[in-house]
Amino acid sequence: MQTTTLRRAAAALGLTAALAGLAVAPALAAEAPSYDFTDCPAIPAGVDATRWKCEVLTATGSMRLGSRDVPELAPMTITHAEGPLPDGTNGQVWGALRGSPTAVPGGLLGHGRLPLSLQPEYGGRSDFYSVGDSMGLFTLRYRAVSPLLPRDCVIGGDGTPIEIRLKRVGTSEWISKNPPVIKFAATDTAFTAPAATGCGPLTRLVNDRLGLPAQAGNTITLSAVYTFKTYDQLPPR
């Protein structure tokens with residue numbers, strides 16, 4: 001589990017501090033989804049557990065990667081923690097990214113008979129520092145999954161992950177106050193998509209099928225719901 005200490009104010013993906021003053025919907029606990037906090041990471045020694053939050057965000061949406069439109073992304077869940085460090089600065093600790101594969105329309109060959117899916121994975125770096133509607137950075141790679149492709153077939157591998165810098169669209173909305181659940185939409189229309197690597201003799205086919213590498217024209221649009229618990233509310237580890 002990777003730990004990143006940020007020595008600047010942390011406000012991530014719809015954090016409560018960043019949402020102060022936003023329009024608040026009535027508390028509708030019945031609408032609030034249930035969340036799994038098992039991916040919450042260990043927090044640094046000596047910090048105040050009552051001031052550290054484990055944050056769980058689940059998002060769905062759509063994507064254009066290279067020349068391919070993926071209209072319905074499978075749900076993706078991101079977990080991380082943040083809070084003040086003993087010296088008074090702010091820190092973050094990465095938890096996990098979990099997501100199911102999403103089918104690429106047309107499959108590997110375009111006729112749909114040979115499936116192709118994209119499995120999201122953490123790309124190794126995150127910085128959820130938020131300024132206004134800019135919601136920080138996290139990196140992804142997509143594992144290309146098909147019966148003919150080797151396990152190492154990846155888009156965003158070899159130290160060149162896809163860098164996603166989301167910008168909030170519209171106004172965040174409180175869905176529930178107990179538990180706290182916040183809904184928002186965000187998009188990135190400026191990221192670059194590297195070529196696939198590790199696909200063996202089919203590497204060129206994968207890149208041609210997806211239109212990779214692509215320096216422009218890539219988009220991701222997410223609809224997300226987010227919740228948190230302070231570490232004193234979590235079971236002992």
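We count residues from 1, following the sequence as given. Hydrogens, waters and symmetry mates play no part in the numbers below; they use all other heavy atoms, side chains included.
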Visitor: Test of understanding: clusters of I, L, V, M, F, W, Y form through side-chain heavy atoms closer than 4.5 Å, transitively. Do Leu222 and Leu137 belong to the same one?
Guide: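 Not linked; separate clusters.
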Visitor: Keeping Asn218 on the side-chain end and Phe191 on the backbone end, is there a donor-acceptor pair under 3.5 Å?
Guide: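 It does hold such a pair.
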Visitor: Is Leu65 linked to Leu202 within one hydrophobic cluster, defined over Ile, Leu, Val, Met, Phe, Trp and Tyr using a side-chain heavy-atom separation of less than 4.5 Å?
Guide: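 Yes: a chain of side-chain contacts under 4.5 Å links Leu65 to Leu202.
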Visitor: Under a 3.5 Å distance rule, please check whether Arg125 uses its side chain to pair with a backbone N or O of Leu140 as donor and acceptor.
Guide: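 Checking the backbone N and O of Leu140 against the side chain of Arg125, no donor-acceptor pair under 3.5 Å is found.
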Visitor: Assess whether a salt bridge exists between Glu55 and Lys229, defined as any Lys/Arg side-chain N lying under 4.0 Å from an Asp/Glu carboxylate O.
Guide: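 No, this pair does not count.
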Visitor: If you round to the nearest 0.5 Å, how far is NZ of Lys183 from CH2 of Trp174?
Guide: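 The distance works out to 15.5 Å.
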Visitor: Going by heavy atoms in the side chains, are Phe228 and Cys54 under 4.5 Å from each other?
Guide: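 They are not in side-chain contact.
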Visitor: For Ala74 and Pro101, work out which heavy atoms get closest and say how close.
Guide: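 Minimum heavy-atom contact is CB-O, 3.8 Å.
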Visitor: Could you walk me through whether Ile182 and Val225 pass side-chain contact (heavy atoms from CB on, under 4.5 Å), step by step?
Guide: CA-CA 6 Å; Ile182 300 159; Val225 285; over 6 Å; no
Visitor: Tell me, do Thr79 and Trp94 make a side-chain contact under 4.5 Å, heavy atoms counted?
Guide: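 Heavy-atom side-chain distance check fails, nothing below 4.5 Å.
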Visitor: A side-chain contact here means heavy atoms from C-beta on lying under 4.5 Å apart; do Asp188 and Thr219 qualify?
Guide: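 Asp188 vs Thr219: side chains apart.
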Visitor: How many angstroms lie between CG in Leu108 and NE2 in His111, if you round to the nearest 0.5 Å?
Guide: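 Those atoms lie 8.5 Å apart.
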Visitor: Which atoms form the tightest heavy-atom contact between Asn207 and Ala196, and what is the distance?
Guide: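 What the structure gives for the nearest pair is OD1-N, 2.6 Å.
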Visitor: Determine whether Leu118 and Val104 satisfy the following criterion, side-chain contact (heavy atoms from CB on, under 4.5 Å), listing intermediate values before the conclusion.
Guide: CA-CA 7 Å; Leu118 299 178; Val104 176; 3.7 Å; yes
Visitor: Roughly how far, to the nearest 0.5 Å, is OG1 of Thr139 from CZ of Arg165?
Guide: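 So the CZ of Arg165 and the OG1 of Thr139 are separated by 10.0 Å.
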Visitor: Among all residues two or more places apart in sequence or in another chain, which pass the salt bridge (Lys or Arg N to Asp or Glu O under 4.0 Å) test with Asp69?
Guide: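 Applying salt bridge (Lys or Arg N to Asp or Glu O under 4.0 Å) to Asp69 gives Arg64.
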Visitor: Less than 4.5 Å apart, any side-chain heavy atom of Pro44 and any of Leu85?
Guide: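 Yes, their side chains come closer than 4.5 Å.
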Visitor: Hey, does Leu205 have a side-chain heavy atom less than 4.5 Å from the side chain of Leu109?
Guide: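 Sidechains of Leu205 and Leu109: in contact.
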Visitor: Given 3.5 Å as the limit, does a donor-acceptor pair link the side chain of Arg168 with the main chain of Met135, or not?
Guide: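 No; judged by distance alone, with no hydrogens or angles, the pair does not exist.
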Visitor: Report yes or no: does Arg143 contribute a side-chain atom to a donor-acceptor pair with the main-chain N or O of Arg151 at less than 3.5 Å?
Guide: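 Between the backbone of Arg151 and the side chain of Arg143 there is a qualifying donor-acceptor contact (under 3.5 Å).
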Visitor: Go through it in stages, so that I can follow the logic: the residues are Leu116 and Val145, the test is side-chain contact (heavy atoms from CB on, under 4.5 Å), and I'd like the CA-CA distance, side-chain angles, deciding distance and then a yes or no.
Guide: CA-CA 6 Å; Leu116 172 64; Val145 181; over 6 Å; no
Visitor: Any side-chain heavy atom of Asp208 sitting closer than 4.5 Å to one from Arg204?
Guide: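 Asp208 reaches Arg204 side chain to side chain.
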Visitor: Under a 4.5 Å cut-off applied to non-hydrogen side-chain atoms, are Tyr226 and Val56 in contact?
Guide: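 Tyr226 does not reach Val56 side chain to side chain.
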Visitor: Report the distance from atom OH of Tyr142 to atom CG of Leu212, rounding to the nearest 0.5 Å.
Guide: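 The CG atom of Leu212 is 12.0 Å from OH of Tyr142, to the nearest 0.5 Å.
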Visitor: Closest heavy-atom contact between Pro105 and Ala103?
Guide: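 Minimum heavy-atom contact is CD-O, 3.6 Å.
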Visitor: Check for a donor-acceptor pair, side chain of Ser130 on one end and backbone N or O of Ser134 on the other, with a separation under 3.5 Å.
Guide: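 Flag set: sc Ser130 to bb Ser134 pair under 3.5 Å.
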Visitor: Under the 3.5 angstrom rule, does the side chain of Ser146 hit a backbone N or O of Leu149 as a donor-acceptor pair?
Guide: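 Looks like no, no N/O pair under 3.5 Å.
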Visitor: Should Thr50 and Thr230 count as side-chain neighbours, where that means a heavy-atom distance under 4.5 Å?
Guide: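 A side-chain contact is absent here, since even the closest heavy-atom pair is not under 4.5 Å.
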Visitor: Taking the side chain from Thr203 and the backbone from Cys199, do they hold a donor-acceptor pair closer than 3.5 Å?
Guide: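 Yes, because the side chain of Thr203 sits within donor-acceptor range (under 3.5 Å) of the backbone of Cys199.
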Visitor: Find out whether the Lys NZ or Arg CZ of Lys53 is both under 6.0 angstrom from the six-membered ring centre of Tyr231 and within 45° of the ring's axis.
Guide: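 Verdict for Tyr231: no cation-pi partner in Lys53.
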Visitor: Taking all non-hydrogen atoms of both residues, which atom of Val206 and which atom of Cys153 are closest, and how far apart?
Guide: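 Minimum heavy-atom separation between Val206 and Cys153: CG2-SG, 4.2 Å.
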Visitor: Under 3.5 Å, is there a donor-acceptor pair between the side chain of Thr187 and the main chain of Ile220?
Guide: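 Confirmed, Thr187 side chain pairs with Ile220 backbone.
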Visitor: Checking the side chain of Trp52 only, and the main-chain atoms of Ala81 only, is there a donor and an acceptor separated by less than 3.5 Å?
Guide: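 No: the side chain of Trp52 does not pair with the backbone of Ala81.
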Visitor: Examine the side chains of Thr160 and Asp158 and answer whether a donor and an acceptor come within less than 3.5 Å of each other.
Guide: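 Note: Thr160 and Asp158 side chains miss the donor-acceptor criterion.
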Visitor: Is a side-chain donor-acceptor pair under 3.5 Å present for Thr77 with Thr58?
Guide: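 Thr77 and Thr58 do have a side-chain donor-acceptor pair below 3.5 Å.
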Visitor: Between Arg98 and Asp39, does any side-chain N to carboxylate O distance fall below 4.0 Å?
Guide: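 Yes, charged N to carboxylate O under 4.0 Å.
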Visitor: If you take all heavy atoms of Ser172 and Phe184, which pair is closest and at what distance?
Guide: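 That closest heavy-atom pairing would be OG-CB, 3.5 Å.
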Visitor: Between the side chains of Glu121 and Arg141, is the shortest nitrogen-to-carboxylate-oxygen separation below 4.0 Å, so that they form an ion pair?
Guide: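 Yes, Arg141 and Glu121 are salt-bridged.
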Visitor: Out of curiosity, does Met76 fall in the hydrophobic cluster containing Val169 (side-chain heavy atoms, cut-off under 4.5 Å, transitive links)?
Guide: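 They do not share one cluster, since no chain of ILVMFWY contacts under 4.5 Å joins Val169 to Met76.
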Visitor: How far apart are the closest heavy atoms of Pro194 and Ile162, and which atoms are they?
Guide: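 Here Pro194 and Ile162 meet closest at CD-CG1, 3.7 Å.
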Visitor: Thr197 and Asp152: side-chain contact (heavy atoms from CB on, under 4.5 Å), yes or no, with the steps?
Guide: CA-CA 8 Å; Thr197 59; Asp152 293 334; over 6 Å; no
Visitor: Which distance, rounded to the nearest 0.5 Å, do you find between the CD1 of Ile78 and the OH of Tyr122?
Guide: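 Nearest 0.5 Å value for the CD1-OH distance: 9.5 Å.
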Visitor: For Glu72, look at atom CD and say whether over 12 heavy atoms of other residues, nucleotides or ligands are found less than 6.0 Å away.
Guide: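 No, the 6.0 Å shell around CD holds no more than 12 heavy atoms from other groups.
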